[in-house]
Amino acid sequence: MYTSQISFLRIKPIPPSFFVILQPQTNASFLIYLDMNKPVRVRFAPSPTGALHIGGVRTALFNYILARQTGGQFLLRIEDTDQTRQVAWAEQYIVDSLQWLGIMPDESPWQGGPHAPYRQSERKAIYHQYVQQLVASGHAYYAFDTEEELNALRERLVAAKVDNLQYNAATRGTMKNSFTLTEAEVKTRLDAGEPYVIRFNMPRKEEVRFHDLIRGWIMVHSSTLDDKVLMKSDGMPTYHLANVVDDYLMQITHVIRGEEWLPSAPLHVLLYKAFGWEQVMPQFAHLPLLLRPDGNGKLSKRDADAHGFPIFPLQWTSPEGEQVAGFREAGYLPEAMINFLALLGWNPGNDQEIFDLDALKATFSLERINKAGAKFDIKKAQWFNQHYLRQKPDEQLVALLQAGLQTQNISADASKAAKIVALMKDRVTFPHDFWREAGFLFEAPTQYDAQVIAKSWTPEAVAFLESFLNGLKQVPAAEWQADTLKHLLHETIEKQGLKIGKVMPALRVSLTGAGAGPDLAAIMEILGSEPTLARIGQALEKIAVKN
RNA sequence: GGCCCGUUCGUCUAGGGGUUAGGACGCAUCCCUUUCACGGAUGAAACACGGGUUCGAUUCCCGUACGGGCUACCA
C-alpha cells in the first residue's frame with residue numbers, strides 16, 4: 001500500500017548512500033549527508049604524464065582516508081588516454097610515491113581487482129561500445145572538421161564579437177558533422193576511413209544542477225557549455241567520457257578530485273543523464289587547490305625551484321637531465337607529509353593538529369574541508385617533520401644516523417652513535433641534520449669563528465685552557481665520562497676564580513671551532529680523550545692571544 | 001573576454017547575529033642554559049570594500065574589488 005502511494009507521488013528513490021532531507025517551504029530544499037556507515041568506493045585517477053604533483057598526493061590521501069574510514073575501497077586508475085604525453089616512468093613513480101606514504105590502493109593496474117583493467121588505454125573497446133550508445137540515442141554525434149576549420153570557426157566568432165567561442169548548439173550547424181551532413185554522407189566518410197571525432201550533443205538550454213559535498217549546490221546553464229569531444233580521432237576517449245564510463249562501471253560512489261575539475265563537472269552530470277545512470281551517479285567533492293606560497297596561482301615546479309623546497313614526493317630527473325627535488329630525499333618523513341597535507345584544506349574543528357593516519361581515519365570528514373585554496377607553507381611542514389623525527393625511538397634514529405654517516409664515509413659504532421643521537425635529538429629537523437650539524441664530532445676544526453675568538457680568547461681564558469688541559473691529561477681512560485669531565489671543568493674554573501661564561505666560549509671554539517652547540521662535557525666524552533687533548537692543544541698553538 | 005569557485009592574523013585555520021575574534025606555524029621579547037637548540041612565558045599580528053536586513057553584522061543578502069580555476073581531438 002505504501003509502495004503504490006509512493007510511486008503515485010513520484011518520489012525519486014533515495015540514493016543508497018545518502019539521506020535526503022526535504023525541507024518544504026524553502027528553496028534550498030536538499031541537505032545531503034554522507035552516511036559514514038556505508039562503505040565508499042573512491043578512486044584516485046592520475047595521468048602518467050610525469051612526476052606526481054604533491055597536490056595529487058593530497059587528493060589520493062583524502063580518498064584513501066575515506067575508504068579506510070568507511071571500510072570501503074580505494075582504487076587507482078591510470079588515465080593514460082593522451083598518447084602523446086605518456087612518460088614511461090610515471091606509473092612507477094605513482095606507485096612508489098603512494099607506497100612511501102603508506103596509502104596504497106585496494107585495486108589498481110598492478111594488483112588487479114574485480115573491474116580490471118585499471119589502465120584506460122586497455123579499456124578502449126569499452127568506451128567505443130558506450131559511446132555508440134550515446135550516438136544511437138542522439139546524445140552524441142560524428143564531426144569531421146579539420147583543425148583549420150575549427151580555427152576558422154574561432155576566428156569567425158571572434159570577429160563577430162561573440163562571448164563564448166564554442167562548438168555548440170549555436171555553431172554546430174555551420175560545421176561538418178552529423179547535423180549538417182546526410183546520413184549517407186556520414187556513412188561514406190566513415191567507411192572511407194576519414195578521421196572523425198565524436199562530440200557530445202550539448203543541450204541548447206538546460207539548467208544543470210548538481211550538489212558538491214564541499215561547495216553545496218552548483219548551477220550552470222548548458223548554453224555556456226560546448227559540444228566536448230568524447231572520442232578523439234586516434235580512437236581514444238577523452239577524459240570526460242572515460243572518467244564517467246569507468247566510474248560507473250567501477251561503481252564509484254564518490255568522486256573526490258581537485259577544483260580544476262569543477263568547470264567540467266556539469267558535462268559529466270549530463271553524461272550520466274545521457275547514459276541513464278542518474279540514480280547511481282557518484283557524489284562529487286571538489287577539493288580546494290594547493291596554491292603557491294608567495295603571491296598567487298597554482299603550486300608549480302617553478303615555485304619549488306624559486307623557494308628551494310620540493311613539491312614532488314620523490315626525486316626525479318627531468319628530460320633535460322636536471323635533478324628535481326623530492327620530499328623523501330630532502331629528509332621529510334612520510335608521517336610529517338601526511339599530517340601536513342591533511343591539514344591543508346581540512347581541519348578537525350578543534351585545536352588538535354597532530355594526526356597520524358589512524359587519527360585521520362577516526363576524525364576526517366568531507367564536511368570539514370574548506371572551500372578556499374591553501375597556500376603551501378613549507379615552514380609548517382618542517383615543524384611537523386621535527387615533531388615526528390623527535391618522536392622516533394632512539395634505535396631508529398641511531399640507524400638513521402649510521403646510514404647517513406656511511407654516505408659520508410664516516411663510521412661510528414653503535415654506542416657512539418647512540419650518544420650522538422642523544423646529544424643532537426632536540427636540535428634536528430631532518431635526519432641529515434644529525435651528521436651535518438655534528439660534523440665537529442668527527443673532524444677537528446680547520447678554522448675558528450673569528451667573532452668568538454675576538455670576544456673570548458683572553459689571557460685568562462688561555463690560562464684556564466692550559467690548566468684544564470693539564471687536568472684532562474690526568475683523567476684515566478676509564479673515567480673519561482661527561483660527568484667526570486664536567487666536574488673537573490667546574491673545579492678548574494673555581495680554582496682560578498673565574499666566571500664560567502668568561503671561559504666556556506674559548507673552550508668551545510677550541511673544540512668545535514664555533515660559538516654555539518651542544519653540551520661541552522658530552523662533546524668531550526664522545527670525542528674521547530686523545531682528540532680532546534689534541535684539539536685544545538692545537539687551539540692554544542694556533543690562536544693568537546688578544547691584546 | 002565568457003563561465004564557475006573563492007576571500008578571518010604573513011601562513012594554515014577555529015568561530016559565528018551581541019566574543020577581550022581562539023589555536024598552530026613563523027616572528028619578537030623574556031626565562032632556563034657555558035652558548036645554540038629544546039622547553040616555558042609573554043607579545044605584535046586578521047574578519048577585502050560598499051550597500052542592505054536587523055536594536056545590533058565579521059557572521060545573513062546583494063553588489064564591487066581582488067584572487068583562483070576552466071575555457072584543447074590535455075588530464
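Lettering of chains follows the sequences in order, A, B, ..., and the numbering in each one begins at 1.
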Applying the salt bridge (charged side-chain N to carboxylate O under 4.0 Å, His left out) criterion to A:E259, which one of A:R215, A:K371, A:R58 satisfies it?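 Passing option: A:R215.
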
[X] side chain vs [Y] backbone, donor-acceptor pair below 3.5 Å:
| X | Y | result |
| --- | --- | --- |
| A:N168 | A:M202 | no |
| A:N164 | A:T224 | no |
| A:D212 | A:H286 | yes |

[M] and [N], which share atom name [atom1], separated by this distance in whole Å:
| N | M | atom1 | result |
| --- | --- | --- | --- |
| B:rC47 | B:rU7 | P | 16 Å |
| B:rU29 | B:rG15 | C1' | 29 Å |
| B:rG22 | B:rA28 | P | 22 Å |
| B:rG69 | B:rG50 | C1' | 27 Å |
| B:rC60 | B:rG18 | P | 11 Å |
| B:rU20 | B:rA46 | C1' | 15 Å |

Walk me through whether A:D356 and A:Y388 qualify under side-chain hydrogen bond (donor to acceptor under 3.5 Å, both in side chains). CA-CA 10 Å; A:D356 59 15; A:Y388 284 103; over 6 Å; no

Base, sugar-phosphate, or nothing: which does [X] touch, judged by heavy atoms less than 4.0 Å apart?
| X | answer |
| --- | --- |
| A:G258 | nothing |
| A:R368 | sugar-phosphate |
| A:G515 | base |

Less than 6.0 Å separating the ring centroids of [X] and [Y]?
| X | Y | result |
| --- | --- | --- |
| A:F312 | A:Y93 | no |
| A:F44 | A:F62 | no |
| A:F384 | A:Y332 | no |

Nearest whole angstrom, please: distance from the [atom2] of [N] to the [atom1] of [X].
| X | N | atom1 | atom2 | value |
| --- | --- | --- | --- | --- |
| A:D351 | B:rC25 | CG | C1' | 14 Å |
| A:K371 | B:rU13 | NZ | C1' | 14 Å |
| A:I369 | B:rA14 | CD1 | P | 12 Å |
| A:Q352 | B:rU13 | CD | C1' | 14 Å |
| A:L291 | B:rG10 | CG | P | 16 Å |
| A:I378 | B:rG26 | CD1 | P | 13 Å |
| A:L423 | B:rU35 | CG | C1' | 13 Å |
| A:W383 | B:rA24 | CH2 | C1' | 6 Å |

Between [X] and [N], is there a side-chain N or O to OP1/OP2 distance below 4.0 Å?
| X | N | value |
| --- | --- | --- |
| A:K375 | B:rU11 | yes |
| A:N164 | B:rC3 | no |
| A:N370 | B:rA14 | yes |

[N]: pairing nucleotide in any strand, Watson-Crick or G-U under 3.5 angstrom:
| N | result |
| --- | --- |
| B:rG6 | B:rC66 |
| B:rA14 | none |
| B:rU54 | none |
| B:rG1 | B:rU71 |
| B:rU29 | B:rA41 |

Closest approach to the side chain of A:V220, judged atom by atom: which nucleotide of B:rC12, B:rA24, B:rC4 is it?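 When the side chain of A:V220 is considered, B:rC4 is the closest of B:rC12, B:rA24, B:rC4.
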
Nucleotide nearest A:D163 when distance is taken to its side chain, options B:rA14, B:rG2, B:rG10: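 Within the option list, the nearest is B:rG2.
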
Test item: side-chain donor near acceptor, A:Y127 and A:D246, under 3.5 Å: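 A:D246 and A:Y127 do have a side-chain donor-acceptor pair below 3.5 Å.
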
Nucleotide by nucleotide, nucleotides 69-75 of chain B touches protein heavy atoms under 4.0 Å in the pattern (B base, S sugar-phosphate only, - none) BS-SBBB

